[in-house]
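Report on the following structure.
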Amino acid sequence: MDLYVNGEYQSVDIGYVKEIKESSVVFIVKDGEVEIDVDPVTLDVIKTICMADEEALIPLDMETNSVILDGEPTK
């Protein structure tokens with residue numbers, strides 16, 4: 001998936017939430033599973049997204065092992 005993140009073009013992976021832990025989230029991605037540590041605000045946002053849509057795809061930066069919540073789709 002391609003997004004603009006902080007004004008720059010970036011190709012990101014996407015994943016389904018498998019499990020939400022106390023301070024991390026386990027995602028299912030194309031190559032298997034990955035667990036990413038997140039801050040409390042990001043954790044709350046992911047919980048909210050999952051409550052609204054259990055099958056939501058979340059953009060991930062696998063190079064930095066982080067969740068991207070502020071990206072905009074490229075045209």
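- Between the side chain of T42 and the main chain of V38, no donor-acceptor pair closer than 3.5 Å is present.
- The two residues I14 and P59 make their nearest non-hydrogen contact at CG2-CA, 4.2 Å.
- For the pairing with V67, the side chain to side chain contact (heavy atoms under 4.5 Å, CB included) check across D39, L60, V45 returns one residue only, L60.
- Only one option out of V17, I68, V12, V25 pairs with I58 in a side chain to side chain contact (heavy atoms under 4.5 Å, CB included); it is V17.
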Which atom pairs, one a donor and one an acceptor, fall under 3.5 Å between side chains of residues 26-36 and the rest of the protein, sequence neighbours left out?
from: E33; atom 1: OE1; to: K18; atom 2: NZ; distance (Å): 3.4
from: E33; atom 1: OE2; to: K18; atom 2: NZ; distance (Å): 2.5
from: E35; atom 1: OE1; to: K21; atom 2: NZ; distance (Å): 3.4
from: E35; atom 1: OE2; to: S24; atom 2: OG; distance (Å): 2.6

